[in-house]
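What follows is a short report on a single structure.
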Amino acid sequence: MISKANMHRFIVFITYLLISFLLVMCNAKKKDNIPLIPFPNQFEPKTGEFKFSKNTSIISDFTKLNEYFASEIERFSGVQINIEQSDFKNRIQFVLDTTIINPEGYTIEVESELIKISSSTEKGIFLGMQTIFQMISPNIKSAKSGNSFTIPCSIIKDEPAFSWRGLNLDCARHFMEKDFIKRYIDILAYYKFNTFHWHLTEDQGWRIEIKKYPKLTEIGAWRKETDDSTYGGFYTQEDIKEIVEYAESRFINIVPEIEMPGHSLASLASYPENSCTGGPFEVTNIWGVHKDIYCAGREETFTFLQNILDEVIELFPGKYIHIGGDEAPKDRWKECSKCQARIKSEGLKDEHELQSYFIKRIVNYLHSKGKEVIGWEEILEGGLAPGVIVQSWLGYDGAVEAAKLGHYAIYSPTSHTYFDYDPDNFNLELVYSFNPIPQELAKDERKFILGSEANMWSERAPQETIDSKLFPRMLALSEVLWKDPHNSEYGANYNEFYSRVQNHYADLTARGIKFGRESKIFEPKSSYDKTKREFTIEVIQGLKDLVIRYTTDGTEPNSNSNEYKKPIIVQNTSIIKIGAFRDNQKIGKISQLPFKFHKGLNATISLTKRYHEKYKASGQNALIDGIRGTDDFRDGNWQGYEGVDFEAIIDLGSEQTISKVESSFFFDSNSYIFLPENVVISLSLDGENYFDERKIINEIPQKNSEILIKNFTGKYDAKQAHYIKLKAESIKVCPDWHPGANAPSWLFVDEIVIE
Ligand code: ACM
Ligand code: ZN
């Protein structure tokens, strides 16, 4: 029996649970209604609303902030508010509050007739404003024509976890226009980033005007493309001043990067005397690492670089200068008498210590000018210059080593912050899982990790694609760097973040950000039924609001093509093309599945050497799975072998009549993928004695910048065979003339077609 008292307690308890649940739901709903990113550390919704209208006024002493806030409100909503009009009741105040310790921390109180943003700095107030801007509904932002709008009453307390929250934008591989940079400075501010790392010089282009060395932009800013067109552009010193001033008004630090000693071909093409060989050189259009770098033995080269840095210092008043330091091959230094003389005279052990000498000289020079210096982690080579900040990218080792040496570090690994990588494998969830503190660090070493940056390299990303590369994934980095969910009390709740992102899309759209994908759009999975002799393709959809359409006749799918509703059956050799559509617009790439019915489909294959894990295609049977590789070596059909020969033995299961054996190899020297020297095909009845050898020699020169697929074919006059052996001889290492000389080369092979 339940006593009356117990019953009473039970009812009180249930009521308490219900109210708690409702409160939690209310809060959760509030979060959904206002999908702030990064979400503030404390957000307490209150009842009521504040109304922005022509009867609203800012009352504050911060003239510039007042103007900025009013003009942004107008830009976002079309609503014109007033400044310093004390007769209006609806007021906005910006207040200095020295009790807020973090210089980027702020509090906001939104009441029905007052918004108050407090911080100990103008920067903190500015960051608080961004939260207010995010609270403006996307409908208002799209329409921009209302007379008024409201935001809900609330109390917000907020501060960042990391002091370095950046974007590294490569404006060298592809030039980006001045207004585009300013737009990105606003975008960075909106997501509470504070650093714009401006990658200005590269092998493929020099983008900053230097008055003392005009050829840097007359020659170095322009490259010849394969179609003979000229590509390039640069920022004049006036452009740079304008951008620097703009960034200052948005509290964004600009960190200019002037690369040395490597990634400097555009500079050497302009002034070849600064190299080891004297040139001549061309501004290259080939991506990758190039061997010609600044000569470390030549005194005048240092003078040249210091003169450039003098102008850079004049232009960029910020505290930091990035000097690159990454990917500098030592080939030229090994053969240069001046570099070798320097090694001797300075008592250095080798070319790695020469790199350290080079970097230290430049670092000392910049320190003498009052600048802090950042370099990529290769500056650890041969000994770190005192006081320098290390930006690690290869993994966590560089950041860990730097921190253990007591140096500050920016931890921006390829695994989580290289936004040039395709969202297929580098998805939103992966970015959100990024922990900016390498776990190898002891507690007292963690303070050396300043934060991180999104690295937006632009080899394959001209300006018009940048939005789609950075968004939505940049939202995850924004929250990771502001809230540090993996190390803080907030915890990482991806589902909650994900739902906020879904609600944030309307805001991106309203602000004209052409966001791309979160992850793979869709993934076709095909299977082969040996008895029915047919393929079944099932399409797994990664984004729900898309329509999947396909064709079976080799044409490009469009918004009128067949809609995918159930698995597709393929019974004949054909190309199935699949695409995703939203509002009749194609989203992402078309997936091509070229099916080939041949005698190998029912066979078994053994591989003498194993394929590389990164390019395994569908695995063991990929080469006889009936799906041929396309002109994209990452399409999931090509199988990659690094630095080794290829050999496969195919067991047909029984004796069969063979007229043709053909294998395809991929060629893309820029990606270190070369054709085999030759392919040898032979047949066997017992799996031991092979006969009728066909040796097909490759006749395409390896020094060729085209991307192509070559078939190696052995023809037979109706021969009986039970086993087929196919060997391909790899060149194993990249040739001497290649940027990756002596690094392992790749063989990429697909479908071994047996007829
Ligand atoms: C780099 O990606 N080479 C810093
Ligand atoms: Zn040299």
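We count ligands from 1, going down the list as the structure has it; atoms in each ligand are counted the same way. Numbering of residues begins at 1 and proceeds along the displayed sequence. Quick caveat: nothing in here was measured; it's all calculated off a predicted structure.
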**Asked** Tell me, which pairs form a salt bridge (charged side-chain N to carboxylate O under 4.0 Å, His left out) where one or both residues lie in residues 389-409, sequence neighbours left out?
**Response**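 Listed once each, the pairs are K404-E445.
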**Message:** Test: ring-ring contact (aromatic ring centres under 6.0 Å, His included). Region: residues 325-368. Which pairs qualify, not counting sequence neighbours?
**Reply:** F302-F358
**In the protein, N/O/S atoms that are found under 2.8 Å from the Zn ion (ligand 2), waters not counted** =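 C276 SG, C295 SG, C336 SG, C339 SG, with waters left out.
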May I ask you to check whether [X] and [Y] place their ring centers less than 6.0 Å from one another?
X	Y	result
W746	Y615	yes
W376	H322	yes
Y191	F471	yes
Y672	H738	yes

Is there any protein N/O under 3.5 Å from an N/O of ligand 1, and what does the full list of such pairs look like?
residue, atom, partner, partner atom, Å
ligand 1, 2 (O), Y418, OH, 2.6
ligand 1, 3 (N), D326, OD2, 2.6
ligand 1, 3 (N), E327, OE1, 3.2

**Request:** May I ask you to say whether K291 pairs ionically with E335, meaning some side-chain N is under 4.0 Å from a carboxylate O?
**Result:** no
**Prompt:** Can a salt bridge be assigned to the pair K469 and D420 using a cut-off of 4.0 Å between side-chain N and carboxylate O?
**Reply:**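 Salt bridge: no.
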**Asked** So how far is it from I293 CD1 to H263 NE2, rounded to the nearest 0.5 Å?
**Response**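 Separation between the atoms: 10.5 Å.
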